[in-house]
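What follows is one structure encoded as structure tokens, with my remarks underneath.
We count ligands from 1, going down the list as the structure has it; atoms in each ligand are counted the same way.
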Amino acid sequence: MRIGVLTGGGDCPGLNAVIRAVVRKGEVSFGDVVLGFADGWRGAIEDRVIPLDVERCRGILPRGGTILGTSRTNPFRVEGGEEAVLATIKAEAVDAVIAVGGEDTLGVAHRLAGAGLPVVGVPKTIDNDLSGTEVTFGFHTAVQIATDAIDRLHTTAESHDRVIVCEVMGRHAGWIATYAGIAGGAAEIVVPEEPFDIDVICDSLTRRHHKGRFASIVVVAEGAKPKEGTLVVRSGEVDQFGHERLGGIGSVLAQEIERRTGFESRVTILGHIQRGGTPTAFDRVLATRFGVAAVEAVHDGAFDQMVALQGGEIVRVPLGEAVAPKFIDPALLHDVGELFFS
Ligand code: F6P
């Protein structure tokens with residue numbers, strides 16, 4: 001078979017491990033020819049193809065980013081985009097596409113499957129907010145990076161008697177904030193799932209500091225929003241999928257905490273540091289398993305499906321269901337919160 005593979009959306013540690021696994025599994029087990037589309041759906045629209053084989057993929061397993069490039073191009077927002085993708089598939093004589101991405105890239109894959117594209121999805125996002133899979137690759141790496149950062153922020157916060165707000169990624173869901181916050185012993189974890197009340201945060205920090213502690217780490221997900229009417233936060237520009245460019249809630253929080261409590265406060269925005277660089281061993285293994293399973297799905301004709309991790313096993317779930325957002329269970333935050341956030 002001729003298999004096209006593409007990586008879309010924000011880059012993510014483990015993308016190259018998926019590409020390598022797809023190429024190896026396809027070439028070695030099935031005698032497939034694998035080609036990459038450059039820059040996500042944009043390359044599929046513009047017929048920009050990168051030949052791939054085992055030799056080309058040597059050494060990429062531990063590398064961050066994606067050798068194929070990526071973009072947030074939405075073929076349904078580009079004039080003639082859908083037709084162009086289907087024309088490219090025909091012109092390149094591609095039998096099936098493996099789309100590696102998050103809700104947007106896989107949402108497009110699902111719509112194109114409806115238009116006749118034989119496509120299998122692989123779940124990718126550091127945010128871990130895709131349904132159907134217990135975990136996406138990239139999440140483990142991002143949590144480790146954020147936890148390491150929080151450990152470092154602790155020692156400087158303690159030395160200066162400061163509050164340090166650490167802003168992490170997480171547009172719709174606070175997976176990174178919750179896991180890194182718990183692992184790093186944060187005093188407060190603020191997530192998009194629950195609009196925050198700045199007064200409650202400040203009261204809790206004040207109580208904590210009155211007990212004799214003078215340093216607090218507040219972890220906030222970039223998509224966190226204040227309760228209506230409690231705090232004004234400006235909004236940013238939007239991309240082709242209608243997503244606002246985030247980043248900045250941490251600064252607002254740090255300023256407000258300092259203003260309301262008098263505790264000297266600082267902010268660290270981790271930003272793309274969470275997405276760059278080498279994947280953890282866990283993510284390399286998961287990405288490799290996903291890549292292998294995606295090629296098997298292609299050969300089984302299991303299109304409009306996504307490979308996923310459930311109970312430690314790799315399974316297939318309908319793409320249409322998988323792209324729904326997956327949120328943090330509030331019990332995790334509150335049960336752990338009651339025990340440790342004091
Ligand atoms: O990959 C998802 C994500 O990490 C979101 O949490 C974040 O809002 C977004 O990517 C930012 O990506 P970029 O800066 O590349 O637009």
Side chains of S265 and R162: do they bring a donor and an acceptor to under 3.5 Å? no
Work out whether the distance between some heavy atom of H272 and some atom of ligand 1 is less than 4.0 Å. yes
Does at least one non-hydrogen atom of G170 fall below 4.0 angstrom from an atom of ligand 1? yes
Check: P13 main-chain N/O paired with T141 side-chain donor or acceptor under 3.5 Å: no
Treating T278 as the side-chain partner and G64 as the backbone partner, does any N or O pair qualify as donor plus acceptor under 3.5 Å? no
Note: heavy atom closest to atom 6 (O) of ligand 1, options R171, E222, R72, belongs to E222
Distance-only N or O hit between ligand 1 and T125, under 3.5 Å: no
D127, any N or O under 3.5 Å of ligand 1 N or O: yes
Any side-chain heavy atom of E193 sitting closer than 4.5 Å to one from I328? yes
Regarding D300 and R316, does a basic nitrogen lie under 4.0 Å from an acidic carboxylate oxygen? yes
